[in-house]
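Worksheet for the structure shown next.
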Amino acid sequence: MKPDLKGLHMLHGGDYNPDQWLDMPEILEQDIEYMKKAGVNCVSVGIFAWAALEPEEGVYNLGWLVDIVGKLYENGIYSILATPSAARPAWMAQKYPEVLRVSADLTRNLMGARHNHCYTSPVYRQKIYEINLRLSKELGGHPGVILWHLSNEYGGECFCPLCQEEFRVWVREKYKTLEALNKAWWATFWSHNYTDWSQVEAPVPKGETGVHGLNLDWKRFVTDRTISFMRHEIAAVRAGGSDLPVTANLMTFYNGLNYFKFKDELDIVSWDAYPQWHGTGGDVEAAVAAACYHDIMRSIKNMPFLLMESTPSMTNWQPVSKLKKPGMHELSSLQAVAHGSDSVQYFQWRKSRGSSEKFHGAAVSHDCRSDTRVFRDVARVGKRLKGLGGLCGSLPEAKAAIFFDWENRWALGDSAGPRNCGIRYEETVIAHYRAFWEMGIPVDFIDMECQLDNYDLVIAPMLYMYRAGIEEKLKTFVERGGVLVGTYLQGLVDQSDLCFLGETPHGLSDVYGLRYEEIDSLYDGEENSLDWNGKTYAVTELCERVHLTSAEPLAVYGSDFYAGEPVLSVNSFGRGEAYYIAARTQQCFLCDFYRMLAEKMSLERALDAQLPAGVTASRRVSDKTVAVLQNFNNAPVTVLLYSPVEDYETGEPFYDEVRLQPYEVRFLIAK
């Protein structure tokens, strides 16, 4: 039966590149044998295969791909069919140089690398339309194809004349008049008023980079232009007659694109996860970051996602290509499932013989054997995924949400103060998230265009820019009984990165019960402190001075000229409350603070248990609530239970405790 991505079973497989082995049919035969042995039921094909599919302009050779998809299907292995736009053939670059990107120094790139193409180029758009159309006609209705994989890791920007002109069109459509443009960009600064639309240029090192509204709009334009190209790819697929769902593999905290903007275009979100395990400080930090990324990807559409790429052993491009210790591949794979993935896919199935990723991890290495440690790990994951198919389509049902807003991130990174040696927005978001990870409380992520109705607790770390009417959304949220936690650098600029005039946080001073005056930046190694609940915590890097109007102080600064002034406060507003954290605190403070808040609000944990350090619990809710208990310690641990559970996969009962081996993961349901 053709897999139903909405719920029938978990996908297991990876990127498969048979075009690299067409002259070695024995390799292709061995691949199918090994895939069946490893429990692989799905592979991604054709991702970087344009040169094999169209070796000369207008000369198409799709027969080999049709044969591969057919052979896979005959052996119970389905295909995710990629469009080949991520790496175009050399003949195209030679004949049509306009398809090559122009870099920020305004020089046109040469042929090499990947994603070295202009999203605006009419030639490139026509060529990708033609190849996508043929792929769709030939394979879009094949029973072995279940999903379209659009390109590969969309990204990058082009500064060519075509893109510059499209940017001018985009800007003119947004602002309508030069007067509105100059006001939004505050172009009077340095006397940079625009008097003609033709004067608008993308921000480049040899041109204008100090107009923050311009920088911000360029990044928005790049997102819109990328989505426009993606829509063009989808249109070709649909024109070929295929109505299969589409996905595009995203990349963690990639700064170049606003991924929340992709949610209306993609049927399924997928992403590529490559944590750096086994660092000198242990695995917890990497585990928290990976969990955070998984939850962001799930939150983009508030649907289960697909883990499209991961490595079964090691990367080859990170600073240190560390092997996964025994158990870590299984744990890290099932961590994705714990946070909402309906797949575990790898880059790559078989190692390439040459070029830049020949030493990147794969299920099958250059020795062509299936009796290796890595292959056994892959087969073990395949076996477990088969028994977890009932979780497909389920979600964690989070009642807490944290803002991670790409446009706010762009604005903060370009703010030119208060701390140019590291504003640390991403790290701050992860720090707030970690407090919930340690408690095993599910969390969603939202941007300012999301609705807040489903949440009891909303956290807004460093929400420096207010846009999309977020002030009114947050005010209504608290009035109706929600709990809001805001931090320093809150509501200082509008969507054009212009500073608000009057009291800030803009539009929410009454909700927080305070007003902002100024912020002190501390040198690396410099500290202040706060006392709260009988404990002293260090504060570092950023310390705001705020004046309380109706809020109640909960903690004050311990030193400097603002000693005794509030650093933590709470304000009642309507039926809800708003907390304000005015300084960057230690992780231990955030963990203690959110533990207090979770208990006060009776936020439900994924598992009714006492979680040791390095152990977390996630949950997926379908007909049953399944808690996923994960041990990220390279040592055994014992988890004390407050209520009995049984193993979802084996039926084994646990009454008082669960013993976990190093890097072990268990799926548990209440008895």
Side-chain angles (χ1 to χ4, degrees), residues 10-17 34-35 38-45 47-48 80 82 147 149 152-153 247-254 268-279 283 286-298 304-318 320-352 357 359-365 372-386 388 391-392 618 628 630 632 663 665:
M10 297 282 176
L11 301 181
H12 183 228
D15 282 17
Y16 183 41
N17 307 109
Y34 283 2
M35 287 177 189
V40 166
N41 57 26
C42 183
V43 293
S44 298
V45 293
I47 292 173
F48 297 115
I80 297 172
L147 177 68
H149 182 311
N152 184 73
E153 298 180 340
T247 190
N249 51 331
L250 311 181
M251 302 173 285
T252 61
F253 277 169
Y254 177 64
I268 300 170
V269 168
S270 62
W271 84 287
D272 301 343
Y274 295 103
Q276 290 185 266
W277 299 112
H278 312 314
D283 290 301
V288 172
C292 177
Y293 303 148
H294 289 313
D295 282 341
I296 287 175
M297 295 300 157
R298 188 199 68 244
F305 61 96
L306 297 178
L307 178 61
M308 187 60 73
E309 289 186 22
S310 60
T311 176
S313 58
M314 54 180 265
T315 64
N316 77 312
W317 43 264
Q318 289 173 339
V320 175
S321 297
K322 189 76 174 171
L323 291 177
K324 287 181 174 177
K325 296 183 185 298
M328 178 51 81
H329 173 61
E330 188 172 333
L331 173 57
S332 61
S333 296
L334 296 181
Q335 180 193 36
V337 174
H339 288 270
S341 178
D342 283 352
S343 76
V344 175
Q345 303 281 99
Y346 312 119
F347 181 83
Q348 50 196 324
W349 168 252
R350 180 184 287 271
K351 286 184 179 180
S352 170
E357 291 179 307
F359 292 125
H360 196 286
V364 181
S365 190
T372 64
R373 179 179 73 94
V374 170
F375 191 91
R376 288 192 294 270
D377 286 349
V378 168
R380 169 69 178 167
V381 169
K383 183 177 180 180
R384 291 197 71 177
L385 288 175
K386 189 174 182 180
L388 295 171
L391 299 183
C392 284
S618 310
V628 191
Q630 306 147 67
F632 287 94
Y663 304 131
V665 54

Does any N or O in the side chain of N17 come within less than 3.5 Å of the main-chain N or O of I47, such that one atom is a donor and the other an acceptor? no
In this structure, OG1 of T311 is separated from CD of Q348 (nearest 0.5 Å) by 8.5 Å
Not counting sequence neighbours, which residues clear side chain to side chain contact (heavy atoms under 4.5 Å, CB included) with F253? List them please. C292, Y293, I296, F404, R409, E426, I430
When every non-hydrogen atom of S321 is compared with those of M314, the smallest separation belongs to CB-CE, 3.7 Å
Under 4.5 Å between any side-chain heavy atoms of I80 and M308, yes or no? yes
For the side chain of Q335 and the backbone of A287, is there at least one donor-acceptor N/O pair under 3.5 Å apart? yes
For Q276 and V320, what are the C-alpha separation, side-chain angles and deciding distance, and is it a side chain to side chain contact (heavy atoms under 4.5 Å, CB included)? CA-CA 8 Å; Q276 290 185 266; V320 175; 5.7 Å; no
Closest non-hydrogen contact found for P275 with A290 is CG-CB, 3.8 Å
OG of S333 to NZ of K324: how many Å apart, nearest 0.5 Å? 5.0 Å
CG (L147) and SG (C42) are apart, to the nearest 0.5 Å, by 7.5 Å
How are the rings of F632 and W277 set relative to one another: parallel (under 30°), tilted (30 to 60°) or perpendicular (over 60°)? parallel
Let me see the working for S352 and E357 under side chain to side chain contact (heavy atoms under 4.5 Å, CB included), right down to the final yes or no. CA-CA 7 Å; S352 170; E357 291 179 307; 5.9 Å; no
Any V337 side-chain heavy atom under 4.5 Å of V628 side chain: no
Is the closest side-chain heavy-atom distance between N316 and K351 below 4.5 Å? no
Got a donor-acceptor contact below 3.5 angstrom from the H12 side chain to the L385 backbone? no
Does N41 form a side chain to side chain contact (heavy atoms under 4.5 Å, CB included) with L11? I'd like the steps, not just the answer. CA-CA 6 Å; N41 57 26; L11 301 181; 4.1 Å; yes
Output yes when a side-chain donor or acceptor of N249 lies under 3.5 Å from a complementary backbone atom of E153, and no otherwise. yes
Sequence neighbours left out, what passes side-chain hydrogen bond (donor to acceptor under 3.5 Å, both in side chains) with S270? Give chain and number order. T247
Kindly compute the distance separating OH (Y274) from NE2 (H360), expressed to the nearest 0.5 Å. 4.5 Å
Going by heavy atoms in the side chains, are S313 and H329 under 4.5 Å from each other? no
Determine yes or no for a side-chain-to-main-chain donor-acceptor pair under 3.5 angstrom, with S343 supplying the side chain and L307 the backbone. yes
Looking at A38 and W349, what are the two nearest heavy atoms and their distance? CB-CH2, 4.3 Å
For the residue pair Y663 and E330, establish whether any side-chain heavy-atom pair is separated by less than 4.5 Å. no
How far does NZ of K325 sit from CG of L331, to the nearest 0.5 angstrom? 14.0 Å
Provide the closest heavy-atom pair for E309 versus D15 in the form atom of the first, atom of the second, distance. OE2-OD2, 3.5 Å
Note: Y346 and V344 closest approach over all heavy atoms is CE2-CG1, 3.6 Å
Closest heavy-atom contact between A362 and P312? C-CG, 3.5 Å
Checking H294 now: which residues fulfil ring-ring contact (aromatic ring centres under 6.0 Å, His included) with it, not counting sequence neighbours? W271, F305
Decide, yes or no, whether a salt bridge links D295 with R298 under the criterion of side-chain N to carboxylate O below 4.0 Å. yes
Side chains of L250 and M297: does their closest heavy-atom pair fall under 4.5 Å? yes
Would you mind reporting whether Q345 and L306 have side-chain heavy atoms less than 4.5 Å apart? no
Compare all side-chain heavy atoms of D272 with those of F347 and state whether any distance is below 4.5 angstrom. no
